[in-house]
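Please read the structure below before turning to the comments.
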2 protein chains.
Amino acid sequence: MNYSISDAATRAGISIHTLHYYEREGLLHVARASSGHRRYTSDDLAWIGILTCLRETGMPIRTMREFAKLVQQDSSNIPERIQILEAHRLEVIEHLAALQHNLEHVEGKIGFYKKVLAQGKTQS
Amino acid sequence: MNYSISDAATRAGISIHTLHYYEREGLLHVARASSGHRRYTSDDLAWIGILTCLRETGMPIRTMREFAKLVQQDSSNIPERIQILEAHRLEVIEHLAALQHNLEHVEGKIGFYKKVLAQGKTQS
DNA sequence: TCTTGTCCTTGAGTGCACTCGAGGTTCTAA
DNA sequence: TTAGAACCTCGAGTGCACTCAAGGACAAGA
């Protein structure tokens with residue numbers, strides 16, 4: 001079973017344009033029908049899922065390109081793939097911690113405003 | 001006590017250029033010395049801290065501008081301020097959940113690669 | 001066959017958040 | 001007094017990740 005680009009876009013939850021873009025950027029290599037139209041396999045979709053996961057966690061395209069390049073080669077470079085993912089993992093964890101920290105500040109501010117509101121009401 | 005722009009930038013952990021930019025964008029209004037040089041008060045620095053917190057949690061500049069506008073007015077609009085912050089809070093929480101979810105995928109992938117390495121087998 | 005919708009490529013455009021440069025003024029320390 | 005650092009404004013430039021448009025080829029149902 002394989003998929004047209006619009007199927008693939010729907011299933012991956014990204015736009016056709018983004019799929020084109022990812023291919024231009026060397027993140028993806030998709031087989032073609034005799035017509036020249038792209039035919040996505042379920043392996044392609046799984047790989048797009050990984051790309052999307054990496055993007056949504058903030059990995060820049062250039063790093064994704066490096067990773068994609070390694071995956072396209074043989075399995076002798078798995079240690080390098082792990083290295084990229086581990087480095088990324090640490091960045092995500094840091095980002096999560098920062099977000100959580102800043103979220104507390106936002107919530108503190110909300111709490112402050114609510115207190116001001118409550119006091120203003122009892123006064124007037 | 002007040003601060004020069006370079007002091008303010010250092011204390012806020014952002015660049016002088018970004019401070020100029022934020023002021024151009026209406027996020028910030030700083031008093032001037034007779035020379036025309038900006039003089040940041042500690043209130044300004046606290047406000048810059050809030051701005052930085054909102055930015056680091058992904059609030060777009062245009063929303064920050066709305067919020068800044070409300071803060072510049074009187075306290076009668078505190079409910080609207082709360083509304084902006086609450087909406088932002090929900091977005092941050094969603095983003096955190098998505099990040100956490102995707103982080104698990106990344107970790108799963110790392111685990112997979114490590115298993116492949118341990119077994120000495122090949123597969124992407 | 002015809003029509004309408006999907007797909008192709010290439011190159012340009014968009015939006016965001018900075019970031020920089022030029023040309024000039026002001027401050028500060030020797 | 002004077003050299004050099006810090007500051008000012010304004011407009012342009014940058015990097016990123018898309019996003020779109022034009023002009024043409026291909027596909028599938030009536």
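Chain letters run A, B, ... following the sequence lines, proteins first, then strands; residues in each count from 1. All figures in this text were calculated on a predicted structure; none of them were measured in a lab. Side chains included, hydrogens not; waters and symmetry mates left out as well; all remaining heavy atoms used.
- With 3.5 Å as the limit, one finds no donor-acceptor pair spanning the side chains of A:D43 and A:T41.
- Taking 4.0 angstrom as the limit, A:R55 places a side-chain polar atom (N or O) nearer than this to OP1 or OP2 of D:dC18.
- In this entry the distance linking NE2 of A:H20 with P of D:dA22 reads 17 Å, nearest Å.
- Protein atom NE2 of B:H17 is 13 Å distant from nucleotide atom C1' of D:dA6, rounded to whole Å.
- For the pair A:R24 CZ and D:dT19 P, the interatomic distance rounds to 12 Å; values are reported in whole Å.
- Using a 4.0 Å heavy-atom distance criterion, B:R32 is classed as a sugar-phosphate-only contact.
- Aromatic ring orientation, A:F67 versus A:W47: parallel (interplanar angle below 30°, classes split at 30° and 60°).
- Checking B:S35 against B:I61, the closest nucleotide of DNA chain C that is more toward the 5' end is the one next to B:I61.
- Dashed line: the shortest gap from a side-chain N or O of B:S4 to OP1 or OP2 of D:dC7 is under 4.0 Å.
- In the model, B:D7 has no side-chain atom that pairs as donor or acceptor with a side-chain atom of B:T10 under 3.5 Å.
- With rounding to the nearest 0.5 angstrom, the CG atom of B:N102 is 9.5 Å from the CD atom of B:E104.
- In this structure, the CZ atom of A:R38 is 14 Å from the C1' atom of D:dA25, given to the nearest Å.
- Checked for salt-bridge contact, B:E86 and A:K114 meet the test: a charged N lies under 4.0 Å from a carboxylate O.
- Along DNA chain C, read 5' to 3', the first and last nucleotides having any atom under 4.0 Å from a heavy atom of chain B are C:dC16 to C:dC27.
- Two residues are said to be in side-chain contact when any heavy atoms from C-beta on lie closer than 4.5 Å; A:R55 and A:T52 fail this criterion.
- Summarising the geometry, the separation between OH on B:Y40 and C1' on D:dC7 is reported as 11 Å, rounded to the nearest angstrom.
- Using a 3.5 Å distance cut-off with no hydrogens or angles, the side chains of A:T57 and A:H88 do pair a donor with an acceptor.
- Nucleotide D:dA6 holds its C1' atom 19 Å from the OH atom of B:Y3, rounded to whole Å.
- Residues B:T18 and A:G36 each lie close to DNA chain C; by heavy-atom proximity, the contact nearer the 5' end of the strand is made by A:G36.
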Distances under 3.5 Å between protein N/O atoms and the N/O atoms of nucleotides 28-30 of chain D, please, pair by pair.
none

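- Side-chain contact between A:V92 and B:V106 is absent, with no heavy atoms from C-beta onward closer than 4.5 Å.
- At a threshold of 4.0 Å, the pair B:R32-B:E23 counts as salt-bridged, since one of the basic side-chain nitrogens sits closer than that to a carboxylate oxygen.
- Using a 4.0 Å heavy-atom criterion, one finds that A:R39 contacts no nucleic acid atom at all.
- Rounded to whole Å, the distance from CD1 on A:I14 to P on D:dT19 is 10 Å.
- The CD-P distance, from A:E23 to D:dC18, rounds to 15 Å in whole Å.
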